[in-house]
Amino acid sequence: MRLKELLHYTYIFPILAVGYYFSGLMGSGVLYDILAGILLIGSVLSAVHHAEVVAHKVGEPFGTIILALCITIIEVALIISLMVAGGDQAITLARDTVFAAVMLILNGILGICILVGGVKYHEQFFARTSATTYLVSIVSILVLTLVLPNFTSSVNGPFYNEAQLIFISIACLAIYGVFLMVQTVRHRSYFIVPDEHPEEHYIPSLSKTLISFIFLVICLVIVVLMAKGLSDTIEAMVQSLGAPKSLVGVIIAAVVLLPEGVAAIRAARANQIQSSLNLALGSALASIGLTIPAVSVVCIMYDIPLVLGLDKKDIILLSLSVFIVMLSLSRGKTNILYGTVLLVNLAAYIFTVIVP
């Protein structure tokens, strides 16, 4: 690569963010935290760029899978580190973070993509079979992990015992593993829209792709580390506003999901709604299908109680969101109404977090 390309902001911001994080200046004052926020946003935009470079090289659906898996791995690492450090005080952290991520993806990212695409193109078309395949897997894992714990009788409360945790973890991994085989091998055509102008796409070189992949991982890691570093500041801000502590989880989940959200919205603006769906629904499936098994293993090893079952209000909001997404994606085409309704659902979720 030429020196001019390496001086692009997508390479400079991650390096500056890494240096700033390890300098120990974060948390030293308001101005330092504002600077950290600027570097964090720059790293998010850089991650989107590098993810698109990798996606152009490997093609669909592998590009979206790589981004979804990278973000999920970092999300898992963040949850586990906070749970081990927090002990019994963090028993609801995994549930709250996964639930927040799913609600933000299904209502927020998907809603904005559909609305943006609808405003610009009136209607956008995608493969119904892909949406059905995603939703069958997502709904099953959501019910098994976030709803069923409330109705088991081996342990009182929204918990699974150790044997149940092991079974549910295996079930999640089995569903996600078979889904990946369907998406990448057996029925790959479900997730790809034929390109009418393939000659217009730039295919990066192997060296540039490898460099972008390395910077993508760096960007995702530093985004999560800086989000974790800013969590005390965010928590103090939330408390000063008199909002519940659970809002902190929503804000951190939103920061972690920013790279994927920006990439999905940019794809929708480019009339590539299938890529937007692959990013959004693939991320939701990976988030819950891989996070719960990983967290379960850690909780069993460290004997940490793990609350998984949602309360009645959240079950209603989750059911509404899944039902609306299923209806919105049932016809293979989108319009602005679907996006608007999903964003209203998101507003209702955030409002009831602040005013429960």
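These values consider heavy atoms only, across backbone and side chains, with no hydrogens, waters or symmetry-generated copies.
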Participant: Taking Q183 for its side chain and F191 for its backbone only, find out whether a donor-acceptor pair lies under 3.5 Å.
Facilitator: no

Participant: What I want to check is whether the side chains of N107 and S321 have a donor and an acceptor closer together than 3.5 Å.
Facilitator: yes

Participant: Does the T352 side chain pair with the main chain of Y349, one donor and one acceptor, at a distance under 3.5 Å?
Facilitator: yes

Participant: Can you tell me how far apart CG (L320) and CD1 (I315) are? Round to the nearest 0.5 Å.
Facilitator: 13.5 Å

Participant: Are the side chains of L329 and R128 in touch, meaning some heavy atoms are under 4.5 Å apart?
Facilitator: no

Participant: Is it the case that the side chain of Q124 and the backbone of A268 share a donor-acceptor pair, with hydrogens and angles ignored and the cut-off at 3.5 Å?
Facilitator: yes

Participant: For the pair F13 and Y9, name the ring-plane relationship: parallel under 30°, tilted 30 to 60°, perpendicular over 60°.
Facilitator: perpendicular

Participant: M226 and L40: which non-hydrogen atoms are nearest, and at how many Å?
Facilitator: CB-CD1, 3.8 Å

Participant: S46: which residues meet the side chain to side chain donor-acceptor pair (under 3.5 Å) condition with it, sequence neighbours left out?
Facilitator: none

Participant: For the residue pair F179 and Y134, does the interplanar ring angle fall in the parallel (under 30°), tilted (30 to 60°) or perpendicular (over 60°) class?
Facilitator: tilted

Participant: Quick check on side chain to side chain contact (heavy atoms under 4.5 Å, CB included): which of L142, V322, L285, V325 does L135 satisfy it with?
Facilitator: V325

Participant: I'd like to know if the side chain of S140 reaches the main chain of V136, judged simply by a donor and an acceptor atom lying under 3.5 Å from each other, with no hydrogens or angles considered.
Facilitator: no

Participant: Please round to the nearest 0.5 Å and tell me the distance separating atom CD1 of I170 and atom CG of L165.
Facilitator: 11.0 Å

Participant: Is a side-chain N or O of N150 found less than 3.5 angstrom from the main chain of L310, in a donor-acceptor match?
Facilitator: yes

Participant: Check for a donor-acceptor pair, side chain of S212 on one end and backbone N or O of T209 on the other, with a separation under 3.5 Å.
Facilitator: no

Participant: Hey, does the side chain of R269 reach the backbone of V116 with a donor-acceptor pair shorter than 3.5 angstrom?
Facilitator: no

Participant: What are the two closest non-hydrogen atoms of L146 and L308, and how far apart are they?
Facilitator: CD2-O, 3.5 Å

Participant: With a 3.5 Å distance limit and no angle check, can you tell me whether T334 reaches the backbone of I114 through a side-chain donor-acceptor pair?
Facilitator: no

Participant: Is a side-chain N or O of S23 found less than 3.5 angstrom from the main chain of Y20, in a donor-acceptor match?
Facilitator: yes

Participant: As a quick check of understanding, evaluate side-chain hydrogen bond (donor to acceptor under 3.5 Å, both in side chains) for T152 and S154, giving each step before the final call.
Facilitator: CA-CA 6 Å; T152 55; S154 297; over 6 Å; no

